[in-house]
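Note that the structure is a prediction, hence the values are computed from the model and not measured.
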Amino acid sequence: MADHLTAHGLILKMLTGPLRGINDLTGPGKLLFAFFAAMAETERENIRASTREGLDTAARKGEHGGTEVIGMTAGTAKPASSVSRVI
């Protein structure tokens with residue numbers, strides 16, 4: 001993932017803290033960038049798994065995830081056959 005981001009011109013430059021100024025993509029900076037990219041990818045997968053688990057649990061309870069359609073309140077939804085499509 002770090003190689004993909006670097007190939008698209010994204011670089012990591014530490015602006016503050018004890019590693020301030022590191023932006024060398026051939027040495028420690030490249031290792032640090034790869035580490036942060038791996039951690040971000042792992043966190044993304046954890047969030048996806050937790051969200052999926054929560055949605056599955058809600059579905060088993062008969063609840064539905066997601067946001068309510070704007071302009072509709074509970075009990076006012078129309079059958080799909082009576083709703084006109086705007087293209």
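By the side chain to side chain contact (heavy atoms under 4.5 Å, CB included) test, F36 is found to be paired with L12, M14, L32, residues two or more places apart in sequence or in another chain being considered.
Applying the 6.0 Å contact sphere to CD of E53 captures no more than 12 heavy atoms from other residues, nucleotides or ligands.
In this structure, L55 CG and E63 CD are separated by 11.0 Å, a value rounded to the nearest 0.5 Å. Note that CG of N46 is 9.0 Å distant from CE of M39, once rounded to the nearest 0.5 Å.
In this model, a donor atom of one side chain and an acceptor atom of the other lie less than 3.5 Å apart for T57 and R60.
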